[in-house]
Amino acid sequence: QVQLGESGGGLVQAGGSLRLSCAASGRAFSRYAMGWFRRTPGKEREFVAAITASSDSTYYKDSVKGRFTISRDNAKNTVYLQMNNPKPEDTAVYYCAAGPTPLSDYAPLYNYWGQGTQVTVSS
């Protein structure tokens with residue numbers, strides 16, 4: 001089992017940068033692919049990015065490609081989401097999740113979820 005906890009959210013200006021972290025407990029972390037999702041009020045949870053267990057492959061939502069970078073440090077049991085040039089439409093609660101390989105954007109395939117961290121991008 002993996003327990004996940006996000007941090008690093010907050011208020012950021014459009015065009016700035018923010019880094020989200022997701023710390024995992026349990027020795028199984030390094031065996032899981034990891035993903036970031038987000039949710040805004042009244043909308044379904046949507047995929048943002050995912051990374052394989054060994055970091056050899058990543059997968060991004062089209063609208064964040066070139067702006068967001070997912071990475072992980074298995075020695076620290078942590079996955080990151082570097083958000084560069086965020087836009088107001090990126091405002092959401094961001095969740096990390098432990099999931100499948102091959103990488104997927106389908107949330108039901110992810111087994112473990114954090115509680116989320118709020119990101120607000122001001123214009």
Side-chain angles (χ1 to χ4, degrees):
Q1 186 155 353
V2 178
Q3 293 184 318
L4 303 172
E6 302 92 341
S7 62
L11 177 64
V12 61
Q13 282 194 324
S17 64
L18 195 67
R19 188 175 80 160
L20 306 183
S21 299
C22 172
S25 64
R27 292 176 291 179
F29 172 78
S30 62
R31 298 202 295 265
Y32 283 94
M34 296 297 296
W36 285 96
F37 289 77
R38 65 189 183 189
R39 176 179 276 161
T40 53
K43 291 189 176 181
E44 293 289 324
R45 185 168 40 188
E46 67 173 4
F47 170 78
V48 176
I51 188 168
T52 53
S54 63
S55 301
D56 62 347
S57 182
T58 56
Y59 176 33
Y60 293 94
K61 176 181 174 63
D62 284 347
S63 65
V64 307
K65 283 181 183 176
R67 300 189 298 120
F68 292 6
T69 302
I70 188 171
S71 62
R72 66 190 294 163
D73 184 339
N74 287 345
K76 295 181 178 180
N77 275 16
T78 302
V79 62
Y80 305 97
L81 185 69
Q82 179 68 43
M83 304 172 64
N84 293 334
N85 190 25
K87 302 176 181 180
E89 52 264 40
D90 295 318
T91 295
V93 177
Y94 282 72
Y95 300 88
C96 65
T101 302
L103 299 179
S104 174
D105 58 7
Y106 188 52
L109 293 179
Y110 286 74
N111 307 96
Y112 303 104
W113 292 82
Q115 295 299 306
T117 186
Q118 174 71 47
V119 173
T120 302
V121 184
S122 63
S123 57

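Among pairs with a residue in residues 81-92, those fulfilling side chain to side chain donor-acceptor pair (under 3.5 Å) read Arg38-Asp90, Arg67-Asp90, Gln82-Asn84, at least two apart in sequence or across chains. Note on residues 37-82: no pairs pass disulfide (SG to SG under 2.5 Å), not counting sequence neighbours.
Residue Asn77 holds its CG atom at 10.0 Å from SG of Cys22, rounded to the nearest 0.5 Å. One finds the OG atom of Ser63 at 6.5 Å from the CD atom of Glu46 (value rounded to the nearest 0.5 Å). From Ser7, atom OG reaches atom CD of Gln115 across 13.5 Å, with rounding to the nearest 0.5 Å.
In this structure, Ser104 and Ala50 approach most closely via the heavy-atom pair O-CB, 4.5 Å. Residues Ala14 and Ser123 come closest through the heavy atom pair CB-CA, 4.4 Å. The shortest non-hydrogen separation linking Ala33 to Leu103 is CB-CD2, 3.7 Å. The nearest pair of heavy atoms linking Ala97 to Tyr110 is CB-CD2, 3.6 Å. The heavy-atom pair separating Ala92 from Thr40 by the smallest distance is CB-CG2, 3.5 Å. In terms of heavy-atom proximity, Gln13 sits nearest to Pro86 at O-CG, 4.0 Å.
In this structure, the side chain to side chain contact (heavy atoms under 4.5 Å, CB included) partners of Ser25, at least two apart in sequence or on a different chain, are Gln3. Listed by chain and number, the residues in a salt bridge (charged side-chain N to carboxylate O under 4.0 Å, His left out) with Lys76 amount to none (sequence neighbours excluded). With sequence neighbours excluded, the residues satisfying side chain to side chain contact (heavy atoms under 4.5 Å, CB included) with Asp56 are Thr52, Ser54.
Classification of the Tyr59-Phe47 ring pair by plane angle, with boundaries at 30° and 60°, yields tilted.
In this structure, Phe68 shares a hydrophobic cluster with Val2, Leu4, Val12, Leu18, Leu20, Phe29, Tyr32, Met34, Trp36, Val48, Ile51, Tyr60, Val64, Ile70, Val79, Leu81, Met83, Tyr94, Tyr112, Val119, Val121, the cluster being traced through Ile, Leu, Val, Met, Phe, Trp and Tyr side chains under 4.5 angstrom apart.
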